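Written below as structure tokens is the structure these notes are about.
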Amino acid sequence: MTHETIGAIIGELPAVRREGEAYLLAADHEATFFVGAAGGMLPVGKIHRIELRKEFLLLETLKRERFYFDYADVVGMKIDLPEPGKQSHGAGFR
């Protein structure tokens with residue numbers, strides 16, 4: 001995936017706040033990125049902060065675990081949204 005593709009997908013999500021190069025997902029949203037490697041695919045889940053740097057992608061969990069990837073290695077992403085009827089508290093309210 002490219003910088004632009006990831007930005008476009010995240011930009012369409014409800015309750016996402018932009019902070020510079022980073023996107024902060026609401027507490028009731030969660031992202032999983034699928035990163036390809038020669039031997040298979042690695043899912044990187046429970047992501048709440050996504051930073052689109054010029055040369056690489058930075059993913060961060062609520063526990064402040066950080067993962068760094070080249071955009072070319074990201075093959076997909078999954079976004080878990082809240083159940084219908086449940087109100088989102090907005091990005092940054094954790």
Side-chain angles (χ1 to χ4, degrees):
M1 297 181 89
T2 65
H3 178 282
E4 293 78 18
T5 302
I6 294 171
I9 292 169
I10 296 167
E12 292 184 2
L13 297 174
V16 173
R17 183 180 62 169
R18 184 136 189 212
E19 190 175 274
E21 298 175 327
Y23 292 88
L24 305 174
L25 278 63
D28 54 359
H29 289 58
E30 194 171 276
T32 300
F33 282 75
F34 299 94
V35 182
M41 192 172 323
L42 171 70
V44 180
K46 300 188 180 191
I47 300 300
H48 285 276
R49 185 175 187 276
I50 302 159
E51 191 168 328
L52 305 176
R53 301 268 182 103
K54 181 179 178 183
E55 296 180 4
F56 61 88
L57 176 66
L58 168 57
L59 307 173
E60 187 173 310
T61 68
L62 283 176
K63 293 182 178 181
R64 302 201 37 91
E65 298 168 307
R66 290 183 167 196
F67 301 90
Y68 301 84
F69 296 104
D70 188 283
Y71 288 103
D73 294 333
V74 178
V75 296
M77 56 190 289
K78 176 183 84 157
I79 306 294
D80 294 323
L81 301 173
E83 293 179 35
K86 286 193 175 182
Q87 187 175 11
S88 174
H89 296 289
F93 295 95
R94 299 185 185 136

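Here the structure is a predicted model, which is why all the values come from computation and not from measurement.
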Linked, directly or transitively: [X] and [Y] (ILVMFWY side chains, under 4.5 Å):
X	Y	result
M41	L57	no
V44	L13	yes
L59	F34	no

Neighbour count above 12 (heavy atom, 6.0 Å) for E4 CD:
yes
Short side-chain to backbone donor-acceptor contact, R64 and R66, under 3.5 Å
no
Can you tell me if H29 uses its side chain to pair, donor with acceptor, with the backbone of H48 under 3.5 Å?
no
Non-hydrogen atoms of [X] and [Y] that approach each other most closely:
X	Y	value
F56	Y68	CE1-CD2, 3.5 Å
P43	T32	CB-CG2, 4.2 Å
I6	M77	CG2-SD, 4.4 Å
Y71	R53	OH-O, 2.7 Å
I79	A31	CD1-CB, 3.6 Å

Whether E30 and K46 form a salt bridge (side-chain N of Lys/Arg under 4.0 Å from carboxylate O of Asp/Glu) is what I want to check.
no
K63/E65 ion pair, N-O < 4.0 Å:
no
CA sep, side-chain torsions, deciding dist, call: V35, F67, side-chain contact (heavy atoms from CB on, under 4.5 Å):
CA-CA 11 Å; V35 182; F67 301 90; over 6 Å; no
With side-chain contact (heavy atoms from CB on, under 4.5 Å) as the test, would you mind laying out the steps for L58 and R49 before giving the verdict?
CA-CA 8 Å; L58 168 57; R49 185 175 187 276; 4.3 Å; yes
Derivation of the side-chain contact (heavy atoms from CB on, under 4.5 Å) call for I47 and L25:
CA-CA 8 Å; I47 300 300; L25 278 63; over 6 Å; no
